[in-house]
Structures are given as structure tokens and as C-alpha cells.
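Down below is the structure, laid out as C-alpha cells.
What you see is a predicted model, and the numbers here were worked out from it, not measured in a lab. Counting starts at 1 for both ligands and their atoms, following the listed order.
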Amino acid sequence: MAELNSDPATIRSLYELNRECSADIPERGSFYTLDEFVDQRVNTVSYDPQGVVIALDDTEWVGMAATSDWSRNGYVFNEMTGVKSSHRCRGIAVAMKVLGIAFADECQVTKVRTFHHPLNASAIGLNRKLGYADADFSHP
Ligand SMILES: CC(C)(COP(=O)(O)OP(=O)(O)OC[C@H]1O[C@@H](n2cnc3c(N)ncnc32)[C@H](O)[C@@H]1OP(=O)(O)O)[C@@H](O)C(=O)NCCC(=O)NCCS
């Protein structure tokens with residue numbers, strides 16, 4: 001996202017991709033409005049466009065992996081990872097999350113944290129493949 005203009009059209013593309021992919025998260029419920037998304041996901045102290053990876057198929061936005069900067073607390077945090085259903089099972093999420101792990105280096109921390117719904121088999125499989133281990137913590 002840091003390589004793109006942070007203009008309203010770009011933020012809307014991120015929002016629409018996030019909304020589409022979030023529909024497949026178990027019990028996700030209704031998604032933010034655009035204004036809520038901007039307030040709660042973009043205009044926050046932990047949002048860093050360097051940590052938001054977009055996967056493109058030509059010009060189509062097909063995947064996103066957002067990692068936020070909580071380095072003041074000693075870690076970065078994987079927010080939403082999503083790939084359009086048409087492009088799943090091709091390793092796109094792994095590729096994006098590896099770049100998210102590199103973002104931890106940029107933030108000079110060695111921990112990456114995330115959480116997932118206990119029934120979200122694809123997210124759990126993805127995180128296990130990347131070496132994430134279970135932990136008991138509360139994310140602020
Ligand atoms: C989770 C998600 C991002 C995975 O994207 P993807 O690009 O298809 O994932 P990859 O192709 O990189 O798969 C990587 C690994 O994830 C796991 N995985 C992916 N899909 C899976 C599924 N349906 N069931 C179990 N494990 C799965 C596997 O371990 C896979 O490795 P493998 O191919 O060697 O078996 C995608 O399914 C998605 O957008 N889901 C809806 C949104 C969501 O739930 N996001 C996570 C919560 S933030």
C-alpha cells in the first residue's frame with residue numbers, strides 16, 4: 001500500500017477486497033461500512049501502509065495481508081489476510097504473509113501475533129504452515 005496513492009479510490013479497493021474475503025470467515029457477521037473501516041482500520045496509530053501487502057493479477061486486486069505495527073508492545077499483528085475465492089490454493093496467502101513477517105524486521109521486533117476463529121480451517125492451516133504456535137494472550 002505504501003507504493004500506491006493513499007487516495008480514497010485506493011482505500012476503497014482495499015475495503016472492498018477485505019469485505020469480500022471476510023464473508024468467508026466463520027461467524028464474521030456484517031462487515032464495516034467504508035467510513036467505519038477507515039476509522040478503525042486505516043486512521044489508527046498501528047496502521048502502516050508498509051505492512052499491507054496486495055496481490056495483483058494484472059490489475060485486479062486478488063489478495064491482501066495486513067500487518068499492523070505494535071512494535072511499542074514488542075510485536076507486529078496480522079490483521080486481515082484474504083484471497084479472492086477464484087485465486088485460492090495457489091500459495092498467494094503464504095507469499096503475502098512472508099512479506100508480513102519481513103515487516104516485523106522493519107519494525108525491529110521478533111514476534112508476529114494473530115488470531116483466528118477456531119473453525120477457520122484455512123486460516124489455521126495457513127498459520128500452522130508458517131510456523132505460528134498457539135499462545136494465550138490478549139490483544140489490546
Ligand atoms: C485463508 C486464506 C487467506 C488462504 O489463502 P490461499 O491463498 O488460498 O492460501 P495458500 O494457497 O497460500 O495456502 C497456504 C496453506 O494454507 C492452508 N490452507 C489453505 N486453504 C486451506 C483449506 N481450505 N483448508 C485447510 N488448510 C488450508 C494449507 O496449509 C496451505 O498449504 P498447502 O497448500 O501446502 O496445503 C483464504 O482461504 C481466504 O481468504 N479465506 C477467507 C478469509 C479468511 O478466513 N482469512 C483468514 C482470517 S484473517
Side-chain angles (χ1 to χ4, degrees):
M1 284 294 282
E3 294 176 19
L4 302 171
N5 293 326
S6 290
D7 60 19
T10 305
I11 297 296
R12 177 179 279 278
S13 295
L14 181 66
Y15 166 75
E16 287 176 351
L17 182 58
N18 195 330
R19 182 181 59 183
E20 178 176 337
C21 296
S22 290
D24 291 332
I25 297 175
E27 298 184 280
R28 175 60 182 81
S30 60
F31 195 63
Y32 302 112
T33 65
L34 176 60
D35 286 345
E36 289 168 345
F37 179 80
V38 170
D39 280 351
Q40 297 181 37
R41 296 292 176 180
V42 179
N43 292 337
T44 66
V45 67
S46 57
Y47 175 81
D48 182 338
Q50 299 275 3
V52 183
V53 179
I54 306 297
L56 299 173
D57 183 353
D58 195 4
T59 58
E60 182 187 4
W61 290 39
V62 299
M64 61 168 292
T67 303
S68 56
D69 179 2
W70 288 89
S71 55
R72 61 200 172 284
N73 292 359
Y75 61 91
V76 295
F77 188 84
N78 287 153
E79 309 274 354
M80 176 66 184
T81 303
V83 174
K84 282 188 177 179
S85 55
S86 54
H87 286 71
R88 288 182 189 162
C89 300
R90 301 187 199 177
I92 293 174
V94 164
M96 293 191 300
K97 286 196 77 160
V98 166
L99 291 171
I101 292 168
F103 178 65
D105 273 347
E106 291 173 32
C107 296
Q108 299 183 310
V109 297
T110 57
K111 287 184 186 150
V112 183
R113 291 180 167 178
T114 192
F115 64 81
H116 47 239
H117 189 284
L119 297 179
N120 195 342
S122 56
I124 293 168
L126 170 64
N127 290 333
R128 292 264 185 268
K129 186 180 175 91
L130 286 164
Y132 288 58
D134 291 333
D136 185 15
F137 73 92
S138 298
H139 176 56

Out of curiosity, [X] [atom1] to [Y] [atom2], how far, rounded to the nearest 0.5 Å?
X     : Y      : atom1 : atom2 : result
Leu34 : Asp39  : CG    : CG    : 9.5 Å
Asn73 : Arg113 : CG    : CZ    : 8.5 Å
Lys97 : Asn127 : NZ    : CG    : 3.5 Å

query = Would you say the side chains of Thr67 and Asn78 form a donor-acceptor pair under 3.5 Å?
reply =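 Yes, a side-chain donor-acceptor pair sits under 3.5 Å.
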inquiry  = Assess, by modelled atom type and distance only, whether the side chains of Asp69 and Ser71 contain a donor and an acceptor separated by less than 3.5 Å.
reply    =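 Side chains of Asp69 and Ser71: pair found under 3.5 Å.
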query = Which pair of non-hydrogen atoms, one from Gly63 and one from Met96, has the smallest distance, and what is that distance?
reply =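 So the minimum-distance heavy-atom pair works out to C-SD, 3.5 Å.
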request  = Please name the pair of heavy atoms, one in Ser6 and one in Ile11, separated by the smallest distance, quoted to 0.1 Å.
outcome  =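 Nearest heavy atoms, Ser6 then Ile11: O-CG1, 4.3 Å.
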query = So which bit of Lys84 gets within less than 4.0 Å of ligand 1, heavy atoms only: side chain, backbone, both or neither?
reply =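 Lys84 to ligand 1: no contact under 4.0 Å from either part.
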ask   = Which part of Lys129 is near ligand 1, with near meaning a heavy atom under 4.0 Å away: side chain, backbone, both or neither?
value =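 The side chain, only.
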Report yes if some N/O of [X] lies less than 3.5 Å from some N/O of ligand 1; otherwise report no.
X      : value
Asn120 : yes
Thr81  : yes
Gly91  : yes
His87  : no
Met80  : no

ask   = Do Trp61 and Glu20 come within less than 4.5 Å of each other through their side chains, counting heavy atoms only?
value =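 Result no, sub-4.5 Å side-chain heavy-atom pair not found.
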Which of the numbered atoms in ligand 1 are below 4.0 angstrom from a heavy atom of [X]?
X     : result
Gly82 : 3 (C), 39 (O)
Cys89 : 6 (P), 8 (O), 11 (O)
Asp24 : 41 (C)
Arg90 : 11 (O)

Residue and atom name of the nearest protein heavy atom (relative to [atom]), distance in Å to one decimal:
atom                    : value
atom 39 (O) of ligand 1 : Val83 N, 2.8 Å
atom 43 (C) of ligand 1 : Ile25 CG1, 3.6 Å
atom 20 (N) of ligand 1 : Ser122 CB, 3.5 Å
atom 38 (C) of ligand 1 : Arg88 NE, 3.4 Å
atom 25 (C) of ligand 1 : Ala121 O, 3.6 Å
atom 5 (O) of ligand 1  : Ala93 CB, 3.2 Å
atom 42 (C) of ligand 1 : Cys21 O, 3.4 Å
atom 29 (O) of ligand 1 : Gly125 O, 3.3 Å

inquiry  = Quick check on side-chain contact (heavy atoms from CB on, under 4.5 Å): which of Glu79, Met80, Met1 does Met64 satisfy it with?
reply    = Met80
Salt bridge Arg128-Asp134, side-chain N to carboxylate O under 4.0 Å =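 A salt bridge is present here (some side-chain N lies under 4.0 Å from a carboxylate O).
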key: Plane angle bin for Phe77 and Phe115 - parallel if under 30°, tilted between 30 and 60°, otherwise perpendicular   = tilted
ask   = Is ligand 1 less than 4.0 angstrom away from at least one heavy atom of His116?
value = no
ask   = Can you tell which of Leu130, Asn78, Val94, Thr114 gets a heavy atom nearest to atom 12 (O) of ligand 1?
value =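 Among Leu130, Asn78, Val94, Thr114, the closest heavy atom to atom 12 (O) of ligand 1 belongs to Val94.
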ask   = On the ring face of Phe31, is Arg19 found with NZ or CZ under 6.0 Å from the centre and within 45° of the axis?
value = no
message = With clusters defined by side-chain heavy atoms of hydrophobic residues (ILVMFWY) lying less than 4.5 Å apart, directly or transitively, does Val109 cluster with Val112?
response =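 Yes; tracing contacts between hydrophobic side chains, which count when under 4.5 Å, links both residues.
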task = Using protein heavy atoms only, decide if any is under 4.0 Å from atom 8 (O) of ligand 1.
result =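 Yes; the ligand atom in question has protein heavy-atom contact below 4.0 Å.
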